[in-house]
Amino acid sequence: MTSIDYSFFGEYVQTVQHRAQVLYENAIGNSSIQSDLTITCLEELRVAVEELQVAEEELQQQNEVLVAAQSTIDTERQRYQDLFEFAPDAYIVSDLYGVVREANRAATALLNISHHYLINKPLVNFVADSHRSGFRAVLSQLTTIHRIQEWELPMCGRKSEPFEAAITVQAVCDRHGKSISLRWLIRDITTRKQTEAKLQETQLQNLELVEADRLKDQFMATISHELRTPMTAILGFSQLLQKRIEPLEDPQIESMVERIVRNSKHLLSLIEELLDFSKLKARRLELNPLTFSLNQLAIETVHELQSLSDQKGLALQIDCDNPNVSLFNDPVRVRQVIINLLSNAIKFTDEGQVTLGFWELPEGRIMIAVQDTGMGIDLKDQENIFQEFWQIHQGSTRKNQGTGLGLAIVRALVELMQGSITIDSQVGQGTTFRIELPRNVRV
Ligand code: ADP
């Protein structure tokens, strides 16, 4: 809007006023033309001219207000235009037939077409062929339904890859409520869709894994049970047979029975491990705590493994500063933990010594450590060492017939005893496992 120039009008009013004034003064001074009517007329003219002057000033003021208002409107309009233009999402204004009338930069970028070519193009041109009739059907309903939110359909820009779009479209109405145009917000949700699909797939896989894990645990528990009973019988009868065979009666049979006993024992201990592990995983293993001497237990375990360490020429020793430490815990399970760590230490050490140590810690806790001078464990493997079936030294493990369950059971037992286990190892230098336990386990 341009402002109206009132200055000529002002000058004109001033001229008329001036002339009226002169005429009025002359009329008063000149008795020949003096008449009441003339004077009254001139007086009225003068007043009218003055009023005109006031009206002119008011008009000028109003004009200034209007000019200021217009400038504010222009600034606001520019601001909205910029917001529309630089919005991160694609905005389009179309007529009721979906023909593009306005489009912002994001829209031209999304549809890969210049602004000039996009204007006057029907939006349906950018909808995937398979969805065009559906798009038209919805378009014809828009004057009635007015708004559709997050309408998902495949679209395709000019000479570009198709993408998944989420469209929000709203009918714009005039003062009488009649739809006059459509306002479109179009978002490319291809990445979101792909992420959702991946997430769904992962969730499905997760469910399958959880189910597989449950079936595996169930299978392990059943198998271990089914195997344990006949294995116990085989071991029992072969030990009985061993006792009945007279020494040197038939050395071949004696050696065969001895092998049956040895292998049965080994198999039974593996079955026991599997059974313990499946119970621990199913949280069905319970502690039976009582008070016992840790020193006594250490002596017994070392004694039990003495022949194993002797066979390898290793020194097996106990290290403690107070032999009178007593624990309130499950001695069978504490023994199982120590035996597991000690037999691993002997298994994976070829020379030097294996030490079992225990010390009192503040706040009613104790530390048990098993230290060896063996092959050690690489730092990257230390993170996984407590996972079930994780074996690093495949060669030595096979030779030593491990299951890869030992440390998983140890950790699960230590956690059940409200304790924690850490490892400190260097390849070629040896390994130390440290366990911290409360002296009195809570039940
Ligand atoms: P396994 O029945 O195979 O011994 P574990 O869970 O007890 O199963 O141990 C897992 C793997 O950790 C072993 O196969 C071995 O590679 C490694 N390992 C355990 N203890 C030691 C140790 N003291 N020194 C070196 N490696 C060890």
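Atoms within each ligand, like the ligands themselves, are counted from 1 in listed order.
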Could you list the atoms of ligand 1 found under 4.0 angstrom from a heavy atom of [X]?
{"X": "Thr431", "result": "24 (N)"}
{"X": "Gly404", "result": "1 (P), 2 (O), 3 (O), 6 (O), 8 (O)"}
{"X": "Ile385", "result": "12 (O), 17 (C)"}

ask   = Hey, does Lys347 sit under 4.0 Å from ligand 1 if you only count heavy atoms?
value =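 Flag set, Lys347 near ligand 1.
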inquiry  = Less than 4.0 Å is my threshold; does some heavy atom of Gly374 fall inside it relative to ligand 1?
reply    =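 Gly374 does not count as a contact of ligand 1 under the 4.0 Å cut-off.
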inquiry  = Pair Gln317, Thr355 - check side-chain hydrogen bond (donor to acceptor under 3.5 Å, both in side chains), show working.
reply    = CA-CA 5 Å; Gln317 58 207 25; Thr355 312; 3.3 Å; yes
Salt bridge flag under 4.0 Å for residues Lys279 and Glu286 =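 Not counted as a salt bridge, because no side-chain N and carboxylate O are separated by less than 4.0 Å.
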task = Using a strict cut-off of less than 4.0 Å between a Lys/Arg side-chain nitrogen and an Asp/Glu carboxylate oxygen, indicate whether Glu76 and Arg79 qualify as a salt bridge.
result =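 A salt bridge links Glu76 with Arg79.
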message = Would you say the rings of Phe135 and Trp184 are close, in the sense that their centroids are separated by under 6.0 Å?
response =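 They qualify: ring centres under 6.0 Å apart.
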query = Is there any ring pair (Phe, Tyr, Trp, His ring centres under 6.0 Å) pair reaching into residues 356-388, and which pairs are they, with sequence neighbours excluded?
reply =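 Matches after skipping sequence neighbours: none remain.
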task = Give yes or no for whether the N/O distance cutoff of 3.5 Å, strictly under, is met between Asn344 and ligand 1.
result =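 So ligand 1 has an N or O lying under 3.5 Å from an N or O of Asn344.
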request  = Scan side-chain atoms only and decide if Thr190 and Asp188 contain a donor-acceptor pair under the 3.5 Å cut-off.
outcome  =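 Asp188 and Thr190 do have a side-chain donor-acceptor pair below 3.5 Å.
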query = For ligand 1, is any non-hydrogen atom under 4.0 Å from Ile377's backbone (N, CA, C, O), its side chain (CB onward), both, or neither?
reply =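 Side chain only.
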task = Have a look at ligand 1 and work out which part of Asp372, if any, has a heavy atom under 4.0 Å from it: side chain, backbone, both or neither.
result =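 For Asp372, the contact with ligand 1 is made by the side chain alone.
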